[in-house]
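Letters A, B, ... are given to chains in the order of the sequence lines, protein chains preceding strands, and every chain is numbered from 1. Computed from heavy atoms alone, side chains included, the values below leave out hydrogens, waters and symmetry copies. Note that the coordinates shown come from a computational prediction; the quantities given were computed from them, not determined experimentally.
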Amino acid sequence: MAEKMYNPKVVEPKWQKAWEDAGIFWAKEDTSLPKFYALIEFPYPSGQGLHVGHPRPYTALDIIARKRRMEGYNVLFPIGWDAFGLPAENYAIANNIHPAVITKKNIDHFRSQLKMLGFSLDYTREVDTTDPDYYHWTQWIFIQLFKHGLAYKSEMPINYCPKCKVGLANEEVVDNCCERCGTPVVRRVKSQWMLKITEYAQKLLDGLDTVNYLDRIKTQQRNWIGRSEGAHVDFSLKGTDDKIRVFTTRPDTLFGVTYMVLSPEHPYIEKYQDRIANLDAVREYQKAASAKSEFERTELAKDKTGVKLEGLEAVNPVNGEVVPIFISDYVLMSYGTGAIMAVPGHDTRDWDFAKKFGLPIIEVVAGGNVQEAAFTDIATGTMVNSGFLNGLSVEDAKKKITEFLTENGLGEKTVNFKLRDWVFTRQRYWGEPIPLVYCEKCGWVPLPEDQLPLLLPEVEEFKPGEDGESPLAALEDWKHTTCPCCGGPALRETDTMPQWAGSSWYFLRYTDPKCKTALASKEALDYWMPVDWYNGGMEHTTLHLLYSRFWNRFLYDIGAVPTAEPYARRTSHGMILGENGEKMSKSRGNVVNPDEMVDRFGADAFRTYEMFMGAFDQPIPWSTNGVAGCRRFLDRVWRMQDMLIEGDEYRPELVTKVHQTIRKVSEDFEAMKFNTAIAAMMEYVNTLYAAGSVNRAELMTLLKLLCPVAPHICEEMWQNLGGEGLVCASVWPKYDPALCVEDTIELPVQVNGKVRSRVTVPADADSDTIQAAALADAKIAELLEGKTLRKCIVVPKKIVNLIIG
RNA sequence: GCGGGCGUGGCGGAAUUGGCAGACGCGUCAGAUUUAGGAUCUGAAGCCCAAGGGUGUAUGAGUUCGAGUCUCUUCGCCCGCACCA
């Protein structure tokens with residue numbers, strides 16, 4: 001006989017051990033089986049341990065993975081550790097403990113917490129990005145990128161704290177000041193390794209058409225890549241042989257240019273500094289701009305600032321018009337060409353700037369009042385004041401002017417992307433060393449593959465080096481090496497890779513995590529790739545998701561992986577907020593600890609609540625009372641053991657309910673509508689309570705449906721019922737659509753759009769039958785008395801609406 | 001500022017995608033039961049009104065026989081913005 005009270009403290013560890021002993025969640029090597037690869041974003045093992053936010057996506061995919069196993073799939077549901085990163089390094093700096101030591105401790109803590117929650121993860125395939133056997137292949141990929149010309153050095157600004165003399169991550173900059181000492185941060189230029197993701201912009205865009213991602217994820221990626229078609233136009237710099245090249249999506253407005261704007265970093269400012277009469281003011285402005293982040297520069301766009309370059313002027317290539325040149329920080333060196341032609345009549349930002357600086361505004365597209373506001377409607381406008389373009393539509397004018405520019409060598413049609421190349425180096429210790437050396441004779445040379453992995457050397461101090469250098473720069477012995485090419489003296493690259501590196505290919509390593517000869521064997525990749533279902537946070541949509549697609553696509557192009565796209569399907573979960581509705585954080589004091597929840601309510605109740613609390617893709621505030629409610633539900637399920645009666649088939653009066661519940665739960669799990677799936681199971685339980693009894697068949701079906709959500713209690717009850725083997729290894733229940741439908745249904749009858757009565761009709765009744773039933777209803781007949789029935793709308797299975805007057 | 005999303009009872013949310021608004025749960029109240037209850041079982045409940053009824057999905061308009069759902073407006077909130085992951 002079952003225990004009187006459900007005790008998760010005994011039951012949960014018991015089944016966790018049983019699953020582990022049976023190895024039931026380890027993916028099988030048998031490639032003849034249909035496979036399913038479920039992926040969750042591997043966590044950064046922080047010192048705080050698991051947060052209640054982590055288990056939401058984990059439980060969701062655990063449910064999917066468990067359901068797939070019950071449907072007969074060979075499931076790969078792996079876990080690993082994205083363990084390089086700033087917090088471990090900052091902890092190391094503060095306490096002088098090696099980051100590897102603290103990282104190992106954190107990983108062990110994370111793993112034990114995940115096991116406590118009963119996830120069906122394959123712990124035999126764990127990967128750790130800080131393990132040399134792993135970063136061996138991260139370095140290998142970087143070398144391939146380098147060899148294919150996709151890694152190059154470029155001068156890029158870093159955030160620099162002049163007092164600490166270190167480079168800072170964006171996150172360490174608060175209100176444009178150093179997080180530690182409060183000193184204002186400056187942008188400082190440093191030579192850095194860049195990855196040419198822009199070369200893959202079109203492929204990354206096109207690939208989106210071949211995958212099943214949520215629409216908002218696709219949209220966000222498309223907008224981030226930011227493809228726009230337009231033209232390059234060359235303005236000449238008056239009195240020189242130089243051209244100022246601009247990118248514009250509106251070449252049709254070329255006759256409306258009244259000035260030009262260069263980014264404050266534009267190289268011509270240095271080149272022609274002798275000609276600039278107001279150089280002091282320009283220098284002052286450049287300095288102010290360098291103190292601002294790019295974000296601030298575009299955010300403050302409402303109040304435009306800028307300085308005119310006295311002594312420099314540009315010539316419009318279509319009409320020879322001479323226009324002034326300004327510098328302003330709303331023009332970014334990183335987008336387009338770092339220079340724009342300004343058409344205040346038809347661009348809002350240019351209009352704001354022109355009004356502020358008293359510049360002329362010319363109308364070239366008729367349809368608005370350009371003295372009042374920029375006219376930007378391209379659909380209806382007609383060209384005016386534009387020479388040979390006059391009278392054309394915007395669309396035709398674009399074509400004609402582009403042809404004109406091309407024929408006369410003044411510009412050409414071009415595609416521009418908002419996407420920028422990826423700054424790939426960090427002046428930090430706790431990251432993958434970059435496996436390149438610099439030789440005076442041979443230039444940058446990659447390490448031979450047999451010298452990989454290049455181990456991260458031991459250091460005394462984890463503090464970043466002086467002047468923003470990496471701590472590795474201080475290791476003279478390590479830094480000085482020989483060139484693999486000519487054998488002469490060479491210097492190692494002392495910067496390390498960003499944390500993105502390891503997370504850009506980990507899904508490949510899971511397929512064959514111990515492979516010594518490649519990032520994974522061909523056989524394993526062929527079988528397991530692509531990932532069938534990848535769930536992660538919306539916050540990773542533009543960076544991690546795009547970076548990993550880029551690496552996978554590159555590896556595909558060089559024949560290292562079998563699929564062009566790594567993820568067949570991508571979904572996203574909402575963030576869990578504190579009970580007060582604010583983001584959970586230590587400083588707000590609203591962090592909820594999963595250990596405490598499991599201790600009070602058990603892992604099953606905790607998991608059930610995480611799935612029941614609301615729409616999976618929506619942010620939701622935490623409610624500990626809600627966990628208690630889910631525990632009550634599980635207790636109710638447990639007590640059904642006391643209601644047990646004989647019977648191995650669904651009782652006739654319950655057949656419809658059982659089949660409806662199976663259908664609802666099956667469909668809702670697939671649509672990630674876990675909250676309504678659980679609600680359906682609650683209703684099922686309520687129905688059985690109302691019936692006062694449950695038989696073995698009815699209860700076993702519930703256990704199968706519920707076990708992906710609350711696996712431990714279901715195993716225990718399955719065993720108590722004498723079920724064969726483990727419930728998680730049983731077969732997912734089937735429903736018969738014919739048995740899901742009710743014989744009769746109740747339809748609302750509206751009069752002039754207001755519900756006035758209801759009629760009961762056969763479920764398959766046709767419109768005439770329903771209309772007759774509605775008109776025969778006593779209440780409706782009363783309302784119709786003395787009125788004219790003007791219209792009768794009958795929607796079978798839905799509603800009747802009578803329009804009377 | 002730019003890009004993406006959201007807004008429904010006291011609270012979390014549901015609504016077969018244009019057809020009964022408020023499923024399911026929390027909290028609340030009432031009854032039953034229990035030596036006891038922060039346990040369990042049963043029931044009530046959007047708001048206004050004594051009732052009949054009216055009214056109700058952030059705001060204002062529109063389309064429709066019919067709008068939480070579609071279109072436009074305003075307001076508010078959340079995520080991302082490239083060195084946090």
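- For the pair A:Arg636 and A:Tyr689, the cation-pi criterion (under 6.0 Å, within 45° of the ring axis) is fulfilled.
- Between A:Tyr6 and A:Trp638, the ring planes lie tilted relative to each other; the angle falls in the 30° to 60° range.
- No salt bridge links A:Lys190 with A:Glu155; every basic N to acidic carboxylate O contact stays at or beyond 4.0 Å.
- A:Asn686 comes within contact range of the sugar-phosphate backbone alone, with a heavy-atom separation under 4.0 Å but no base atom that close.
- Within 4.0 Å of A:His540, counting heavy atoms only, lies at least one base atom of the nucleic acid.
- Residue contacts shown for A:Ile793 include a base, since a base heavy atom lies under 4.0 Å away.
- At the heavy-atom level, A:Thr425 lies under 4.0 Å from base atoms of the strands shown.
- Distance A:Ile217 CD1 to B:C6 P: 13 Å, rounded to the nearest Å.
- Between the P atom of B:C24 and the CZ atom of A:Phe612 lies a distance of 10 Å, rounded to the nearest Å.
- Each of B:C79, B:G19, B:C65 was ranked by its minimum atom distance to the side chain of A:Ile803; first place goes to B:C65.
- In this structure, of B:C24, B:A21, B:G4, it is B:G4 that holds the atom nearest to the side chain of A:Met538.
- The residue A:Asn801 sits close to a base: some heavy atom pair falls under 4.0 Å.
- Heavy atoms of A:Leu86 sit under 4.0 angstrom from primed sugar atoms or phosphate atoms, though from no base atom.
- Glycosidic conformation, B:G56: anti, with the torsion outside 90° of 0.
- Out of B:G12, B:A82, B:A14, the shortest distance to the side chain of A:Asn675 is found at B:A14.
- Comparing B:C83, B:A82, B:G4 against the side chain of A:Arg426 picks out B:C83 as the nearest.
- Side chain of A:Lys583, nearest nucleotide from B:C79, B:C65, B:G25: B:C79.
- Residue contacts shown for A:Gly629 are limited to sugar-phosphate atoms, with no base heavy atom under 4.0 Å away.
- Backbone-only contact: A:Arg756 has heavy atoms under 4.0 Å from sugar-phosphate atoms and none from a base.
- Minimum atom distance to the side chain of A:Lys798 is reached by B:G19, of the listed B:G19, B:G27, B:U55.
- Checking B:G19, B:C81, B:C83 against the side-chain heavy atoms of A:Asn159 singles out B:C83 as nearest.
- Position along RNA chain B of the nearest nucleotide to A:Lys664 versus A:Thr219 favours A:Thr219 as the more 5'-ward residue.
- Nearest nucleotide to the side chain of A:Tyr547, out of B:G13, B:C83, B:G19: B:C83.
- Map A:Gly167 and A:Pro619 each onto its nearest nucleotide of RNA chain B; the residue landing nearer the 5' end is A:Pro619.
- Taking each heavy atom of A:Arg428 and A:Thr496 in turn, the nearest pair found is O-OG1, 2.9 Å.
- Test A:Met611, A:Met597, A:Arg600, A:Arg631 against A:Phe606 for side chain to side chain contact (heavy atoms under 4.5 Å, CB included) and you get one pass: A:Met597.
- Under a cutoff of 6.0 Å and an axis angle of 45°, A:Lys673 and A:Phe616 do not form a cation-pi pair.
- Ring-centre distance between A:Phe42 and A:Tyr506: below the 6.0 Å cut-off.
- A straight line from CG of A:Leu634 to P of B:U40 spans 13 Å, rounded to a whole angstrom.
- Remark: P of B:G80 and NZ of A:Lys418 are 18 Å apart, rounded to the nearest angstrom.
- For A:Lys673 and B:A15, the shortest distance from a side-chain N or O to OP1 or OP2 is below 4.0 Å.
- Regarding A:Ile804, its CD1 atom lies at a distance of 17 Å from the P atom of B:C65, rounded to whole Å.
- Among the heavy atoms of the strands lying under 4.0 Å from A:Leu168 is at least one base atom, whether or not backbone atoms are also near.
- Look at the C1' atom in both B:U64 and B:G9: the space between them is 28 Å, to the nearest Å.
- Across all strands shown, A:Ile158 has heavy atoms under 4.0 Å from base atoms, whether or not it also approaches the sugar-phosphate.
- Rounded to an integer number of Å, the gap from A:Phe674 CZ to B:G12 C1' is 18 Å.
- OP1 or OP2 of B:C26 has at least one side-chain nitrogen or oxygen of A:Arg632 nearer than 4.0 Å.
- Across all strands shown, A:Gln618 has heavy atoms under 4.0 Å from sugar-phosphate atoms exclusively, and none from any base.
- As judged by a 4.0 angstrom heavy-atom cut-off over every strand, A:Arg636 is placed among residues touching the sugar-phosphate backbone only.
- Residue A:Glu683 is classed as a sugar-phosphate contact, given heavy-atom separations below 4.0 Å to backbone atoms only.
- A:Tyr689 comes within 4.0 angstrom of the backbone, heavy atoms only, and of no base.
- Between A:Trp430 and A:Phe84, the distance from one ring center to the other falls under 6.0 angstrom.
- In terms of polar N and O atoms assigned as donor or acceptor, the side chain of A:Asn625 never comes within less than 3.5 Å of the base of B:C26 in a complementary pairing.
- Across B:G80, B:C65, B:G12, the shortest atom-to-atom separation from the side chain of A:Lys791 is found for B:C65.
- Counting only heavy atoms from C-beta on, A:Glu539 has its side chain closest to B:C79 among B:C83, B:C79, B:C41.
- The shortest distance between the side-chain N/O atoms of A:Arg639 and the OP1/OP2 oxygens of B:C41 is below 4.0 Å.
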